[in-house]
Amino acid sequence: MVGLGDAHEAYPWQLSGGMQQRVAIARAELEDLIRELWCELGVTVLFVTHDIDEAVYLGQHTVILSKSPTVVQEDLTIDLPDERDQLHTRSSPRFAELRALVDRAPEPAETRS
């Protein structure tokens, strides 16, 4: 759909800037599709990501894990409206606040080196 069929075996660093931009667009569309399916089907979705923006945008709860040995650092409730869109949600002050909370989650003392 975004014209990347010929690049399916390429690593991200091998893509041109324009191709990387198309990947970002496809990823945003995928995030909205996941939320749409979740709303329609009423199922529980466990989504694992290292992308803080994606975790806040997709989630109702964001569970933040530590480095190995892995423990739960925090279980943060994402209190954004259920109806979300890329532009308005990601530019909202509450999204920025939640993103900052996830980004600054403290590492438990027993896992610090």
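In this text, all values refer to a predicted model and were calculated from it rather than measured experimentally.
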message: Considering only residues two or more places apart or on different chains, which pairs with a residue in residues 25-80 satisfy ring-ring contact (aromatic ring centres under 6.0 Å, His included)?
response: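 Matches after skipping sequence neighbours: none remain.
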field: ILVMFWY cluster membership beyond Y11 - transitive side-chain contacts under 4.5 angstrom
entry: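 W13, all in the cluster of Y11.
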- request: Would you please test R35 and E83 for side-chain contact (heavy atoms from CB on, under 4.5 Å) and show each step?
  value: CA-CA 9 Å; R35 287 203 53 83; E83 299 243 348; over 6 Å; no
Counterpart residues, salt bridge (Lys or Arg N to Asp or Glu O under 4.0 Å), relative to E29 (two or more places apart):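 E29 satisfies salt bridge (Lys or Arg N to Asp or Glu O under 4.0 Å) with no other residue.
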Salt bridge (Lys or Arg N to Asp or Glu O under 4.0 Å) involving D6 - partner list, sequence neighbours excluded: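 Partners of D6 by the salt bridge (Lys or Arg N to Asp or Glu O under 4.0 Å) criterion come out as none, since no residue qualifies.
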query: Are any of the side-chain nitrogens in E54 or R27 under 4.0 Å away from the carboxylate oxygens of its partner?
result: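 Yes, charged N to carboxylate O under 4.0 Å.
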If you compare all heavy atoms of [X] against all heavy atoms of [Y], which two are closest, and at what distance to 0.1 Å?
X   : Y   : answer
L98 : T77 : CD2-O, 3.9 Å
L58 : R84 : C-NH1, 3.9 Å
A10 : L15 : CB-CD2, 3.9 Å

field: Other residues, nucleotides, ligands: >12 heavy atoms within 6.0 Å of Q21 CD
entry: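 For Q21, atom CD is not crowded (no more than 12 foreign heavy atoms under 6.0 Å).
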- request: Using side-chain contact (heavy atoms from CB on, under 4.5 Å) as the criterion, list what pairs up with A96, not counting sequence neighbours.
  value: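 Listed in chain order: nothing, the list is empty.
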- prompt: Can you name the side chain to side chain donor-acceptor pair (under 3.5 Å) partners of D82, sequence neighbours left out?
  reply: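 Result, side chain to side chain donor-acceptor pair (under 3.5 Å) vs D82: none returned.
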message: In the structure I gave you, are the side-chain heavy atoms of L80 and T89 within less than 4.5 Å of one another anywhere?
response: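 Yes, at least one pair of side-chain atoms sits under 4.5 Å.
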